[in-house]
Amino acid sequence: MNSQPVSLETGSASMVSIARRQRLQDVFFHRITQSFSLLVLVALMGIIVSLFINAWPAFQKFGANFIWYVEWDIINEEFGAAIAIVGTLASAGIALLIAVPLAFGIALFLTETCPTWLRRPLGTAVELLAAVPSIIYGMFGLFVFAPLFADYVQVPLQNVLGGMPLIGFLFGGSTNGFGILAAGIVLAFMVLPFVAAVMRDVFEIVPPILRESAYGLGCTTWEVVRKVVLPYTQKGVVGGVMLGLGRALGETMAVTFVIGNANRMPTSLFSPGTSIASTLANEFGEAADFHISALFALGFLLFVITFIVLGFAKWMLVRAEKAKGL
């Protein structure tokens, strides 16, 4: 007669024990994942604080003028970031202008029109390009690309466009294969596989039913891409472009090989220049005292530039979503 209540009480106690154990497991899992996320935030804040502390002597001496001061004199300890900032932004901008359209075309071909038997080999080739170390790109730029670029690109461009009004000054200077344009093209080689791989992946997540519905209504491939694929993958595409831009802004060795490493303001696309990353690579090993502080200030400015670019991209996405009523 009493066996059933005892059995019910035992089963109820077992269920309570299981629920308590599961609750503890959930709490433990939540705290562990939360600590991982906070660890990234702590590391980020630590980088910012350490950069700013080491850069403070330079900021204290030059103030805001450090950003646009066109001077980098190690002997007299007169430092300004304008030359390095211009070289960084110019080379990264040229890289994106070249790489983004090419990456879009590659991703579009791989996901929309590429034959099935060719899709995997081409996709693997793109991923392998993304895995090539930057030093290899730098060596390729120095020993292979620069001589060819000087003979077959710089000289013809200067002969044809150097004397034209308004744009002729962009193609002046020596034609030795180095300079801002050469650095931008080499950076484009590096950025291209990253952006193309991200775009290909986000294009592939578009539900097939959306594509099939658009084709069923009589849309062309370009209309499907423009009206279905791109709106659906907008965030992923912008994320891929920002990933490429971040790689271009912070690239060191490949740029150092071909940009010319001249601490003077570039006056044309062929002029030698420098970037923040290449300046750090060339001078940090021999820097001392106030020179180190100036280099830390350059690193801090590179971090700020990257943060501003990412913030601007996020703002553009928010505005686009509001415009669509999301």
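The analysis underlying the following values was restricted to heavy atoms, covering all of them including side chains, and did not include hydrogens, waters or symmetry mates.
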Atom [atom1] in [X], atom [atom2] in [Y]: separation rounded to 0.5 Å?
X    : Y    : atom1 : atom2 : value
I53  : F296 : CD1   : CZ    : 10.5 Å
I83  : N263 : CD1   : CG    : 6.0 Å
F303 : I305 : CZ    : CD1   : 12.0 Å
L245 : F312 : CG    : CZ    : 11.5 Å
L108 : T221 : CG    : OG1   : 8.0 Å
I85  : L249 : CD1   : CG    : 11.5 Å

Any side-chain heavy atom of [X] sitting closer than 4.5 Å to one from [Y]?
X    : Y    : value
M199 : V241 : yes
L301 : F66  : yes
L157 : F270 : yes
L243 : V195 : no
I106 : R200 : no
F109 : C114 : yes
F203 : L230 : yes
T252 : L280 : no

Is there a continuous path of hydrophobic side-chain contacts, each under 4.5 Å between heavy atoms, that joins [X] to [Y]?
X    : Y    : value
F307 : M242 : no
L187 : V126 : yes
V155 : L148 : no
L38  : F28  : no
F59  : V49  : no

Inset, instruction - Determine, stepwise, if the pair I185 / V153 fulfils side chain to side chain contact (heavy atoms under 4.5 Å, CB included). - result: CA-CA 12 Å; I185 295 175; V153 178; 5.7 Å; no
Inset, instruction - Test Y69 against E78 for side chain to side chain contact (heavy atoms under 4.5 Å, CB included), laying out the working first. - result: CA-CA 9 Å; Y69 186 51; E78 293 291 330; 3.5 Å; yes
Inset, instruction - Start with the C-alpha gap between W72 and L298, add the side-chain angles, then the distance that decides, and say whether side chain to side chain contact (heavy atoms under 4.5 Å, CB included) holds. - result: CA-CA 12 Å; W72 191 264; L298 282 181; 3.5 Å; yes
List the atom of [X], the atom of [Y], and the distance in Å for their closest heavy-atom pair.
X    : Y    : answer
V258 : L142 : CG1-N, 3.9 Å
A107 : A196 : CB-O, 3.9 Å
G240 : V198 : CA-CG1, 3.5 Å
V202 : G236 : CG1-CA, 3.7 Å
I276 : G299 : CG2-N, 4.4 Å
A90  : I180 : CB-CG2, 3.8 Å

Legend entry - Pairs flagged by ring-ring contact (aromatic ring centres under 6.0 Å, His included) wherever residues 35-55 is involved - sequence neighbours left out: F52-W56, F52-F300
Legend entry - Contact list for residues 145-166, test ring-ring contact (aromatic ring centres under 6.0 Å, His included), sequence neighbours left out: F145-F149, F145-F189
Counting only heavy atoms from other residues, nucleotides and ligands, does the tally under 6.0 Å from [atom1] of [X] exceed 12?
X    : atom1 : value
R120 : CZ    : no
E286 : CD    : no
I167 : CD1   : yes
D289 : CG    : no
M253 : CE    : yes
Y215 : OH    : yes

Inset, instruction - Scan for side chain to side chain donor-acceptor pair (under 3.5 Å) pairs involving residues 89-117, sequence neighbours excluded, and state none if there are none. - result: E112-R211
Inset, instruction - Sort and list the pairs that fulfil side chain to side chain donor-acceptor pair (under 3.5 Å) and have at least one residue in residues 129-143, not counting sequence neighbours. - result: S134-E251
Legend entry - Under 3.5 Å donor-acceptor, T274 side chain and A262 backbone: no
Inset, instruction - Ignoring hydrogens and angles, tell me if any N or O in the side chain of S271 forms a donor-acceptor pair with the backbone of P266 under 3.5 Å. - result: no
Inset, instruction - Report the residues that fulfil side chain to side chain contact (heavy atoms under 4.5 Å, CB included) with E77, sequence neighbours left out, ordered by chain and then residue number. - result: K61, F79, F290
Inset, instruction - Name all residues meeting the side chain to side chain contact (heavy atoms under 4.5 Å, CB included) criterion together with N176; count only those two or more places apart in sequence or in a different chain, and write none if there are none. - result: S174, F178
Inset, instruction - Determine, step by step, whether L24 and V27 satisfy the side chain to side chain contact (heavy atoms under 4.5 Å, CB included) criterion, reporting the C-alpha distance in whole Å, the side-chain angles of both residues, the deciding distance to 0.1 Å, and the verdict. - result: CA-CA 5 Å; L24 290 175; V27 171; 5.6 Å; no
